[in-house]
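Hydrogens, waters and symmetry mates play no part in the numbers below; they use all other heavy atoms, side chains included. Note on naming: letters A, B, ... go to the chains in the order of the sequence lines (proteins, then strands), and numbering restarts at 1 for each one.
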Amino acid sequence: MQKVFNPDEYEKKWREIWEEEQLYNTDNPIHSEKEKYYCLDMFPYPSGKGLHVGHWSGYVLSDVWSRYKMLHGYNVLHPMGWDNFGLPAETDAINRGIHPTISTKANIENIRRQLKEIGTVYDWSKELNTSSPEYYKWTQWIFLKMFKRGLAYQKEQPVNWCNHCKVVLANEEVEGGKCERCGGTDIEKRMLKQWMLKITEYAERLLNDLDKLDWSEKVKEMQRNWIGKSIGAKVKFTAIQNDGNKQEIEVFTTRPDTLFGATFMVLAPEYPLLDKLVTPEKSDEVKLYVKKSGLMSNVDRQKTDKEKTGVFTGAYAINPVNGKKVPIWISDYVLMDYGTGAIMAVPAHDERDFAFAKKFNIDIIEVIKSENSIYDNDGNLAQAYTGDGVFVNSEYLNGLSVEDAKKKVIENLKEQNKGEGTVNYKLRDWIFARQRYWGEPIPVIHCKHCGIVPVPEEQLPVTLPMVESYKPTDDGKSPLSAISDWVKTKCPVCGQPAERETDTMPQWAGSSWYFLRYPSVSHKGSDKAFALENDLKEWLPVDMYVGGIEHAVLHLLYSRFWTKVLYDEGLIDFDEPFQRLFNQGMICRTAYRCHQCNKWVPTAEVDFHGEEPHCPTCSQVLDTSMEKMSKSKGNVVNPDDLVNEYCTDALRMYELFAGDATADSEWNDDGIKACWNLLKKAWNFVTTTKLEEKASAEALKPLHILIKNIDNRINLFKFNTAISAIMEFMNTVSQIKSGFSKEYMETFLVTISPFAPHFAEELWRDFLSHEKSIFLERFPAFDKKLIAEDSAEIAVQINGKIKARFMADINADKNTLIKLAKELAQIKPLLEGKTIVKEIAVPKKLVNIVVK
RNA sequence: GCCGCUGUGGUGGAAUAGGCAGACACAAGGGACUUAAAAUCCCUCGGAGGUUAAACUCCGUACCGGUUCAAGUCCGGUCAGCGGCACCA
């Protein structure tokens, strides 16, 4: 009787059996002899929206990779968990009026169901959740390690405060002046005392170690940019205060060579000792400017195209190289949190200083001459010249090049104790506190007598109290501060009444080390943060990390930092968490926007009458654009619907087939049909072909080509062409009438099983009556001899244009090929009366005859 | 502005190491089967010319130029798009 293709029936069945058999549990004894392999997905934060087909693609990809590794005999750890703490979950809870402990639980259940429907190999026995006390106990423990190493400290400083989210933002969370969370621009600088992590201490290592990682250049470059190393010098100027005393002002510059061209100095408006410098007659003007720039939003202040503003302080400083008096100005183009908050201004050779000097009529002294400098009609510099050249007006530097002048001036400054060579980074310390409820409490106690005291390790975790009201406040205080029962405690050192820290950790805390936790999750008896025991230790570091590019700086930089700290603590024996990183592209789909109503129109609601899409409310023709899938743009495709209409395996295959895995790809609603048809064809092929004792050479050839192609292409992460290899195979074998065997079908099923696991398992165990899972098989090796061709088609070109083709023996040498080509009926006449200039032959490919 | 990446049919995309551009699909058109539709199967499918039909000829991988017997691929320049950084001294 013919076996009917009915995925609805078998897909669910196999998922349940796999789970019952604990097939993917790495502790299952059937895997005990195997080499370990750790393939990790970036874990999701459980939002209420569920997964769309764009999210699926990354999970399918890592699943194919994991299954492929299993078939190569590895014990594959492929875990999943929930990044549950943090703003997304809290915002979702507030919007729905449900406590986050409850709302996230429901969200997790929905996403877990969806992930299971993908047919993934997750080892659910190792599921973790960053908001569970047994997990965040260790997040707090790591924090205390940092605190004890002096890497966590409190500092009062101006910080980015998002008025919409009512929370402090780390520098990494401000993207182009906008809040990374809400996309809003209502961000102001507030003076707040904050917990900080000294990531800057690791800047150099975070930069250098990028070289040893197997990551895309793009992500590495983004991290390099973010760390932003600049090599330059610190130079000490001496300023005269308004009380007549001297004050040293240090500047950072990447161009110490141009020091003789410094004609003024600029301080950031927030510069600490400004009051002592400003002269009485300038005092009001300066105060007004400082106030104004303090009120300006980040976005406005950072606009590069805006005109320079500034105020003269009335004070002067002495240039250490030539004793010249230069005026001290303040301006908002100098930032307090980079370098020293003060610069020496060299208008002739810096564009910003040039613009400033032009506007306020300050001297411009050229110290580098070059034929590339541009002058106006009066012979003055028309713009700053920043290139190389020959030094002038610079005493002992005259005649030197930029490189030599830098060296010499630094030497000189150092001798006179007026400065030294130094390095600066754009990277700032990580603001590590949030004034929010839904996060890990920072485990310290404030005691009037003993200062800041860490909570003793044996008292961890400091649990987050269950409260009714967890909404954020406007005053920058954590909702926890209102819970006096919780806040009031005793100092662990002196026993006197003391108060708990009420800020919580940022969203990124839990995800900074979760990959270390997975291997030991089901070993709960071990009272350790992460696997140090021999058998667990071997899992780490992560072999393959798969996720979106959106975490290129934030999560991936933070994780690298924490890993290095834990390495320095001697807790782990590696200092990079993710050896190999794969960033999948995003899936895009047409989105419709009505410029009249000024909103996105969900695809399902678009009125498609006539040729063009119309707005359902105002009937305007809609603007269309290709956008990454998102609920807010209304262009998501729900995988649940496609699984119902087709099947999981078809959707898995189409996600891969749609395009290059690294690139963004476009969702085509009809595309899945191709994969659905492919499965149907393959099903009929396996179930209806008449089998013989032994497979024929004719039949084996396409099979071994398939094995070779799949193997190569999975290794190169070329999943789209791996799927087309299966299509090509089906097209070829449909022309072959006989010569197939049972063994043949078995090999075929193993080869395609990473892509269509349910399909392969059903035919393997049910149709071909195997006891054990197909995923305990070995991926077949291809046989070169079976693929080998005995002849090849040779293209014949005259002057590079194809004129004929012929079949030749695969081993024919160059001379034979040329000889055969010249005798061809189509070629012979073309050579008559011509002089042959050159003859080129490429075995197995072509012959090119150059004639005159 | 600086840095990085990408430009291939109507569409998504193929093309080891410079060697037959457009694999594999989607859409479209035509045909078969069918009372009909769906499903399935077969054919056509970059452009221009050419022929009853073929053969055949020319052009064609954003644009301009170069290297080479040979360029989607290498080099130089231009344009466009995407991403990152951006008053970082």
S.K.: Write down the distance between CH2 (Trp667(A)) and P (rC26(B)), rounded to a whole number of angstrom.
M.R.: 14 Å
S.K.: Whole angstroms only, please: what is the CD1-P distance between Ile549(A) and rU6(B)?
M.R.: 13 Å
S.K.: Expressed in angstrom and rounded to an integer, what is the separation of Met586(A) atom CE from rC82(B) atom P?
M.R.: 13 Å
S.K.: Taking only the C1' atom of each, what is the distance from rA15(B) to rA25(B) in whole angstrom?
M.R.: 16 Å
S.K.: So what does Arg713(A) hit on the nucleic acid, given a heavy-atom distance under 4.0 Å: a base, only sugar-phosphate, or nothing?
M.R.: nothing
S.K.: Considering only side-chain heavy atoms of Lys838(A), which listed nucleotide, rC69(B), rA25(B), rG13(B), is closest?
M.R.: rC69(B)
S.K.: Could you work out which one of rA27(B), rC59(B), rG12(B) sits closest to the side chain of Lys801(A)?
M.R.: rC59(B)
S.K.: With a 4.0 Å cutoff (strictly under), does any side-chain N or O of Asn720(A) reach OP1 or OP2 of rA14(B)?
M.R.: yes
S.K.: Under the ring-ring contact (aromatic ring centres under 6.0 Å, His included) test against Tyr654(A), which residue among Trp676(A), Trp56(A), Tyr646(A), Trp667(A) passes?
M.R.: Trp667(A)
S.K.: Please give the nucleotide sitting opposite rU52(B) as a Watson-Crick or G-U wobble pair, both distances under 3.5 Å, or none.
M.R.: none
S.K.: Could you measure between the two P atoms, the one in rC64(B) and the one in rC79(B), and give it in whole Å?
M.R.: 15 Å
S.K.: Between rC41(B), rU11(B), rG19(B), spot the one nearest the side chain of Lys681(A), thanks.
M.R.: rC41(B)
S.K.: Write down the distance separating the P atoms in rC63(B) and rU51(B), rounded off to the nearest Å.
M.R.: 30 Å
S.K.: If anything within 90° of 0 is syn and all else is anti, what is rG9(B)?
M.R.: syn
S.K.: Would you list the atom pairs, donor with acceptor, under 3.5 Å between side chains in residues 256-265 of chain A and any protein atom, with sequence neighbours excluded?
M.R.:
unit_1: Asp257(A); atom_1: OD1; unit_2: Arg255(A); atom_2: NE; d: 3.2
unit_1: Asp257(A); atom_1: OD2; unit_2: Arg255(A); atom_2: NE; d: 3.2
unit_1: Asp257(A); atom_1: OD2; unit_2: Arg255(A); atom_2: NH2; d: 3.0
unit_1: Thr258(A); atom_1: OG1; unit_2: Arg255(A); atom_2: O; d: 2.8
unit_1: Thr263(A); atom_1: OG1; unit_2: Asp363(A); atom_2: O; d: 2.8

S.K.: Under 4.0 Å between a side-chain N or O of Lys426(A) and OP1 or OP2 of rA89(B)?
M.R.: no
S.K.: If the cut-off is 4.0 Å, is Asn677(A) near the phosphate of rU40(B), judged by side-chain N/O to OP1 or OP2?
M.R.: yes
S.K.: Consider the side chain of Ile840(A), meaning its heavy atoms from C-beta on, and name the nucleotide among rG84(B), rC69(B), rC87(B) that approaches it most closely.
M.R.: rC69(B)
S.K.: Report yes if the distance between the aromatic ring centroids of Phe582(A) and Trp215(A) is under 6.0 Å, otherwise no.
M.R.: no
S.K.: Does a side-chain N or O from Lys673(A) land closer than 4.0 Å to OP1 or OP2 of rA27(B), or not?
M.R.: yes
S.K.: Of the candidate nucleotides rC24(B), rA89(B), rG13(B), which contains the atom at the shortest distance from the side chain of Ser665(A)?
M.R.: rG13(B)
S.K.: Could you let me know what rA32(B) is paired to, Watson-Crick or G-U wobble, both distances under 3.5 Å, or none if it's on its own?
M.R.: rU40(B)
S.K.: In this structure, how many angstroms lie between the P atom of rC24(B) and the CE atom of Met653(A), rounded?
M.R.: 16 Å
S.K.: Determine, for Tyr338(A) and Lys426(A), whether the Lys NZ or Arg CZ falls below 6.0 Å from the six-membered ring centre while staying within 45 degrees of the axis.
M.R.: no
S.K.: Could you tell me whether Tyr425(A) contacts a base, only the sugar-phosphate backbone, or nothing, with contacts defined as non-hydrogen atoms closer than 4.0 Å?
M.R.: nothing
S.K.: Measure CD1/Ile723(A) against P/rC26(B) and give the value in whole Å, please.
M.R.: 14 Å
S.K.: Under a 3.5 Å cut-off for both contacts, is rA89(B) paired Watson-Crick or G-U wobble with anything, and if yes, with which nucleotide?
M.R.: none
S.K.: With rounding to the closest Å, how many angstrom separate the C1' atoms on rC2(B) and rG72(B)?
M.R.: 29 Å
S.K.: Could you state the atom-to-atom distance from CD of Glu351(A) to C1' of rC87(B) in whole Å?
M.R.: 11 Å
S.K.: For Asn668(A) and rG13(B), is the shortest distance between a side-chain N/O and OP1 or OP2 below 4.0 Å?
M.R.: no
S.K.: Within this structure, what is the CD-to-P distance between Glu655(A) and rG12(B), rounded to whole angstrom?
M.R.: 18 Å
S.K.: With rounding to whole Å, what would you report as the distance between rG50(B) and rC59(B) at their C1' atoms?
M.R.: 15 Å
S.K.: Aromatic rings Tyr333(A) and Phe356(A): how do their planes relate, parallel, tilted or perpendicular, breaks at 30° and 60°?
M.R.: tilted
S.K.: Between rA89(B) and Tyr338(A), is there an OP1 or OP2 to side-chain N/O distance shorter than 4.0 Å?
M.R.: yes
S.K.: Parallel under 30°, tilted from 30 to 60°, perpendicular over 60°: which one fits the rings of Phe719(A) and Phe717(A)?
M.R.: perpendicular
S.K.: By nearest atom, which of the nucleotides rU11(B), rA23(B), rG19(B) is closest to the Glu728(A) side chain?
M.R.: rA23(B)
S.K.: Nearest to the side chain of Asn848(A) - rA70(B), rA89(B), rG84(B)?
M.R.: rA70(B)
S.K.: Would you kindly compare Lys803(A) and Lys708(A) by the position of their nearest RNA chain B nucleotide and give the one closer to the 5′ end?
M.R.: Lys708(A)
S.K.: Which whole number of Å gives the distance between the C1' atom of rU67(B) and that of rC58(B)?
M.R.: 25 Å
S.K.: From rC3(B), rA25(B), rA39(B), pick the nucleotide closest to the side chain of Lys680(A)?
M.R.: rA39(B)
S.K.: rG30(B) and rA21(B): how far apart are their P atoms, nearest whole angstrom?
M.R.: 32 Å
S.K.: Can you tell me, in whole Å, how much space there is between the P of rA39(B) and that of rA28(B)?
M.R.: 11 Å
S.K.: Which atom names give the shortest non-hydrogen contact between Gly800(A) and Asn848(A), and what distance separates them?
M.R.: N-OD1, 3.0 Å
S.K.: Rounded at 0.5 Å granularity, tell me how far CD in Glu550(A) sits from CE in Met42(A).
M.R.: 7.0 Å
S.K.: Asp337(A) CG to rC87(B) C1': how many Å, rounded?
M.R.: 13 Å
S.K.: Looking at Lys359(A), I'd like to know if its NZ atom is crowded, meaning that more than 12 non-hydrogen atoms belonging to other residues, nucleotides or ligands lie closer than 6.0 Å.
M.R.: yes
S.K.: Under a 3.5 Å cut-off for both contacts, is rU11(B) paired Watson-Crick or G-U wobble with anything, and if yes, with which nucleotide?
M.R.: rA25(B)
S.K.: Please determine, for rC45(B), whether a Watson-Crick or G-U wobble partner exists with both distances under 3.5 Å, and give it or none.
M.R.: none
S.K.: By nearest atom, which of the nucleotides rA14(B), rG19(B), rG84(B) is closest to the Asp660(A) side chain?
M.R.: rA14(B)
S.K.: Can you check whether Ser230(A) has a side-chain N or O nearer than 4.0 Å to OP1 or OP2 of rA89(B)?
M.R.: yes
S.K.: Which part of the nucleic acid, if any, lies within contact of Glu217(A), taking any heavy atom under 4.0 Å across all strands shown: a base, the sugar-phosphate backbone alone, or nothing?
M.R.: nothing
S.K.: What is the pairing partner of rG65(B), taking Watson-Crick or G-U wobble pairs with both distances under 3.5 Å in any strand?
M.R.: rC75(B)
S.K.: Ile343(A) has a side chain; which of rA14(B), rA89(B), rC24(B) sits nearest to it?
M.R.: rA89(B)
S.K.: Taking a pair as Watson-Crick or G-U wobble with both distances under 3.5 Å, which nucleotide is matched to rC5(B)?
M.R.: rG81(B)
S.K.: Let me know, please, whether Asp350(A) or Trp226(A) comes out on the 5' side of the other along RNA chain B by nearest nucleotide.
M.R.: Trp226(A)
